[in-house]
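Read the structure below first, then the notes.
What you see is a predicted model, and the numbers here were worked out from it, not measured in a lab.
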Amino acid sequence: MPALVLDPQILALASLVVFVGALTQSLIGFGMAVVAAPLLYLIEPSLVPAPVILMGFSIALLTLLRERGALEFNGLQYALLGRIPGGLIGAGLLLVAPQAVLGMTIAIIVAIAVLLSLLRLNLVVNRRSLFIAGVISGIFGNIAAIGGPPLAILLSGKDAKQFRAALSAFFIFSSTIAMVILGLTGLLTLHHFYCSALLLPSVLLGYLTANRLVGRIDKNKTRIMTLVLCSLSAILLAAKSLSSLL
């Protein structure tokens with residue numbers, strides 16, 4: 001297990017990354033992990049996936065409290081049901097994957113998320129598609145804490161407030177499932193809670209900043225900037241992981 005200490009420079013960089021991730025998720029409904037996971041993995045690999053999941057839980061809870069009036073939970077139980085087998089598969093892969101392979105996997109997951117967001121797929125929302133999205137979310141979530149894109153793509157036709165509320169509710173329950181699975185497999189430790197506590201102020205600052213911008217900011221520009229940042233993060237992480245593999 002890593003030492004129970006974060007270097008001040010690492011903490012400062014990680015805090016900035018978490019702030020941007022929390023701001024993005026609070027504005028558009030998801031993005032904490034997609035933005036933060038690849039950069040945090042470059043800064044300090046032990047921050048992925050457990051601390052990102054813990055911080056994702058925090059920002060999802062805050063966002064749901066703000067958007068609770070728009071929540072429609074109908075059908076999300078099927079996505080949560082799919083999250084369980086997906087999470088077990090993801091945790092199993094996390095246990096056996098070398099660090100460089102894990103880094104490359106995270107970069108690929110981010111690249112897939114960006115590509116699917118650009119395609120703007122119009123998928124049928126039903127029990128089967130929700131369950132499949134949940135399984136994929138579980139695999140991605142427990143490998144890299146990036147469980148949002150599968151469900152975000154499926155629910156993209158919803159009103160902005162309903163979209164944020166539905167995703168936040170899903171993240172709260174799915175993050176709990178992920179943390180239980182990581183705990184049972186020995187992948188959630190005191191170190192991860194310590195790191196999350198140090199980074200929690202950045203989550204709160206991102207949320208409070210988003211509250212001042214949510215009604216005024218151009219959501220399309222935010223989405224484009226997020227995709228650009230995610231793409232750069234994925235390229236950097238892929239390059240680092242590839243050099244380690246070679």
Side-chain angles (χ1 to χ4, degrees), residues 1-26 30-65 80 83-84 86-97 99 102-103 105-106 109 137-148 167-210 237:
M1 185 183 76
L4 206 62
V5 175
L6 274 185
D7 180 271
Q9 287 185 324
I10 290 175
L11 179 59
L13 285 171
S15 296
L16 178 60
V17 170
V18 169
F19 167 76
V20 175
L23 175 64
T24 302
Q25 178 153 330
S26 195
F30 76 106
M32 164 63 92
V34 180
V35 171
L39 290 173
L40 289 177
Y41 194 83
L42 283 168
I43 295 166
E44 172 53 60
S46 69
L47 294 176
V48 181
V52 177
I53 293 172
L54 288 165
M55 290 180 288
F57 175 90
S58 302
I59 191 63
L61 183 60
L62 290 168
T63 304
L64 183 60
L65 287 173
L80 290 171
R83 181 87 191 206
I84 297 171
L88 290 170
I89 294 168
L93 293 172
L94 194 61
L95 284 169
V96 300
Q99 194 172 89
L102 180 60
T105 303
I106 293 172
I109 290 172
S137 173
I139 295 171
F140 285 9
N142 274 30
I143 290 176
I146 304 173
L167 281 180
S168 296
F170 174 76
F171 288 142
I172 288 169
F173 287 100
S174 63
S175 296
T176 303
I177 293 169
M179 286 187 283
V180 169
I181 291 173
L182 290 176
L184 291 173
T185 52
L187 296 168
L188 180 62
T189 68
L190 184 61
H191 171 75
H192 298 131
F193 285 101
Y194 168 77
C195 292
S196 301
L198 290 177
L199 294 169
L200 186 59
S202 296
V203 174
L204 295 173
L205 184 59
Y207 170 75
L208 292 173
T209 304
L237 182 54

Is there a side-chain contact between L102 and Y41 (heavy atoms, below 4.5 Å)?
yes

Please tell me if the side chains of L16 and S202 come closer than 4.5 Å, counting only heavy atoms from C-beta onward.
no

Give, for atom CZ of R83 and atom CZ of F171, the distance between the pair rounded to the nearest 0.5 Å.
8.5 Å

Would you indicate whether the side-chain heavy atoms of L199 and V17 approach each other to under 4.5 Å?
no

Please examine the side chains of T63 and L167, heavy atoms only from C-beta on, and report whether any two atoms are closer than 4.5 Å.
no

Side chains of L94 and L182: closer than 4.5 Å at any heavy-atom pair?
yes

Please test C195 against L6 for side-chain contact (heavy atoms from CB on, under 4.5 Å), starting from the C-alpha separation and ending with a verdict.
CA-CA 7 Å; C195 292; L6 274 185; 3.9 Å; yes

Once you round to the nearest 0.5 Å, how far does CG of L198 lie from CD1 of I10?
12.0 Å

What I'd like to find out is whether the side chain of D7 reaches to under 4.5 Å of the side chain of E44, using heavy atoms alone.
no

Among V180, I181, L188, side chain to side chain contact (heavy atoms under 4.5 Å, CB included) partner for L184:
V180

Are any non-hydrogen side-chain atoms of L204 and L62 less than 4.5 angstrom apart?
yes

Expected output: side-chain S26 to main-chain L23 donor-acceptor under 3.5 Å
no

Separation between CG of L95 and CG of L187, rounded to the nearest 0.5 Å:
4.5 Å

Between S58 and L54, is any pair of side-chain heavy atoms under 4.5 Å apart?
no

